[in-house]
Amino acid sequence: MKILIVGGGGREHALAWKCAQSSAVTHVAVAPGNAGTAVEPKCANVEIAAHDIDALLRYAAREAIDLTIVGPEAPLVAGIVDRFLAAGLPIFGPGRAAARLEGSKAYAKDFLRRHRIPTARYARFTRADFDPAYVRAQPLPVVVKADGLAAGKGVVICDTHAAAVSTAQAMFAGDHGGAGRRIVVEEFLAGEEVSFIVIASDQQVLPLATSQDHKRRDDGDLGPNTGGMGAYSPAPLVTPALHERIMAEVVRPTLRGLRDDGNPYTGFLYAGLMIAPDGTPNVIEFNCRFGDPEAQPVLMRLRGDLPGLCLAAIAGRLDQVTAGWDERAALGVVMAAGGYPDAYRRGELITGLAEAARLPGKVFHAGTALQDGKVVTGGGRVLCAVGLGDTVAAAQAQAYALVHGIHWNLVQYRRDIGWRAIARD
Ligand code: AMP
């Protein structure tokens with residue numbers, strides 16, 4: 001069986017690595033991939049950008065790809081799944097209409113309200129109907145969000161009403177490009193966040209292991225928001241009782257709502273949840289794909305056959321398969337370029353990878369490239385070092401043993417990934 005993974009980040013390295021472990025798989029092509037997928041057994045990179053749907057389609061048809069798995073959201077929101085299915089090519093992910101759950105925050109909020117799924121109170125505005133008086137009437141802090149995809153940077157938590165109004169106006173003025181033409185102003189929710197990711201096939205659903213990520217750049221969950229600086233699985237916050245509440249109050253109503261709206265959903269569905277002190281699982285956001293960096297620790301724990309699970313979902317027989325999880329905890333530490341999430345340099349030589357490959361755990365590449373046969377930095381989030389252990393603390397120790405042997409100029413990483421879970425252990 002031949003697989004195509006679309007994307008080139010850490011999540012895609014983990015997807016490719018996991019697919020390559022399947023005995024049914026002979027070859028995994030990664031478009032465009034990174035320096036990690038370039039050397040992974042059974043894997044090879046293809047020089048096609050993740051957004052170039054025409055070229056991906058031609059490649060999958062020419063190479064008779066048996067299954068395409070889409071990593072990032074942009075091609076999903078742009079309709080890659082509809083295009084592949086129309087051409088008779090097997091692909092795992094939601095169609096364009098269902099992917100609006102991630103592609104438009106205003107659409108997602110209206111969907112949540114319509115289907116009575118718990119979420120923060122909100123109002124949506126365009127420049128023409130913006131009402132500063134509404135904003136000033138909200139309790140502080142208040143959250144202002146650009147409507148469209150903004151690479152994780154379209155959310156601003158404002159401590160004053162003046163900041164909220166000026167943030168909204170900056171979004172209308174084009175701070176986030178087209179993503180800010182519409183905005184959502186929403187109530188700030190206190191609590192702890194968890195990532196709840198499932199494989200969905202219309203009304204059939206296979207929950208994946210729970211996880212928790214760290215979005216802020218600095219230790220103690222401080223500093224600017226990022227795409228994610230680390231993650232671990234399982235999330236001890238999610239007890240069996242809370243798991244059942246999330247399935248009953250969020251996941252099943254969401255899949256029902258999608259079907260009732262005429263957009264049945266197949267693919268990874270990611271609910272970012274804020275668990276209120278009373279246990280209410282409020283939806284902060286939906287993603288229409290696997291999380292990054294959640295994919296790296298979650299897939300480290302998956303025992304089941306990933307391509308088999310995806311094909312079962314596509315065929316509507318998800319109820320006949322099980323995932324199977326390593327009982328141990330997995331924890332991933334993101335190593336980022338200095339300056340990230342703002343401007344950073346590329347092309348820095350990375351050392352220590354060969355030594356790290358001999359240690360327990362796994363280093364997944366994200367923003368890396370090959371230059372004259374050497375691995376250099378090629379993005380903001382560069383690597384994710386994942387450890388396994390009987391406790392989160394043991395997994396953390398294994399992950400940091402990998403991190404400490406790897407260097408480049410101006411590398412940065414958090415030193416406390418998993419601290420909430422370790423405090424609970
Ligand atoms: P989003 O892109 O919607 O996931 O937002 C990015 C991050 O902002 C989330 O992971 C939360 O940490 C935070 N956030 C978003 N909305 C809220 C909210 N209503 N209350 C508190 N924090 C929020």
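In this chain, residues are counted from 1 in sequence order. In listed order, ligands and their atoms are each counted from 1.
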Numbered atoms and elements of ligand 1 in range of [X], under 4.0 angstrom, heavy atoms:
X      : result
Lys215 : 10 (O)
Val143 : 16 (N), 18 (C), 19 (N), 20 (N)
Glu186 : 16 (N), 17 (C), 18 (C), 19 (N)
Phe188 : 20 (N), 21 (C), 22 (N)
Leu189 : 18 (C), 19 (N), 20 (N), 21 (C)
Val155 : 1 (P), 2 (O), 3 (O), 5 (O), 6 (C), 8 (O), 15 (C)

- Can a salt bridge be assigned to the pair Arg182 and Asp147 using a cut-off of 4.0 Å between side-chain N and carboxylate O?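 So Arg182 pairs with Asp147 through a salt bridge.
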
- Message: Between Asp260 and Arg114 (salt bridge meaning N to carboxylate O under 4.0 Å), is one present in this structure?
- Response: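 Looking at Asp260 and Arg114, the cut-off is not met.
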
- Side chain or backbone of Glu187 under 4.0 Å from ligand 1, or both, or neither, by non-hydrogen atoms?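 The answer is the backbone of Glu187.
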
- Task: Between Glu285, Lys105, Lys145, flag the one that comes closest to atom 15 (C) of ligand 1 by a heavy atom.
- Result: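 Residue with the shortest heavy-atom distance to the ligand atom: Lys145.
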
- Option passing side chain to side chain contact (heavy atoms under 4.5 Å, CB included) with His365 (candidates Asn34, Ile350, Val382, Val39):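 Between His365 and the candidates, side chain to side chain contact (heavy atoms under 4.5 Å, CB included) is satisfied uniquely by Asn34.
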
- Message: Run the side-chain hydrogen bond (donor to acceptor under 3.5 Å, both in side chains) test on Asp219 and Trp419 for me, step by step, so that the C-alpha distance in whole Å, both residues' side-chain angles and the decisive distance to 0.1 Å come before the verdict.
- Response: CA-CA 9 Å; Asp219 286 2; Trp419 67 272; over 6 Å; no

- Please lay out, stage by stage, how Phe172 and Phe130 fare under the test ring-ring contact (aromatic ring centres under 6.0 Å, His included). CA-CA 10 Å; Phe172 292 137; Phe130 181 55; 5.4 Å; yes

- Query: Once you round to the nearest 0.5 Å, how far does CD1 of Ile48 lie from CG of Leu56?
  - Reply: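 These two atoms lie 5.0 Å from each other.
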
- Can a cation-pi geometry be assigned to Arg415 and Tyr413, taking NZ or CZ under 6.0 Å from the six-membered ring centre and within 45° of the ring axis?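 Arg415 over Tyr413 ring: yes.
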
- Would you say Ala120 and ligand 1 have an N/O pair spaced under 3.5 Å apart?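 No - when backbone and side-chain N and O of Ala120 are compared with those of ligand 1, no distance drops under 3.5 Å.
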
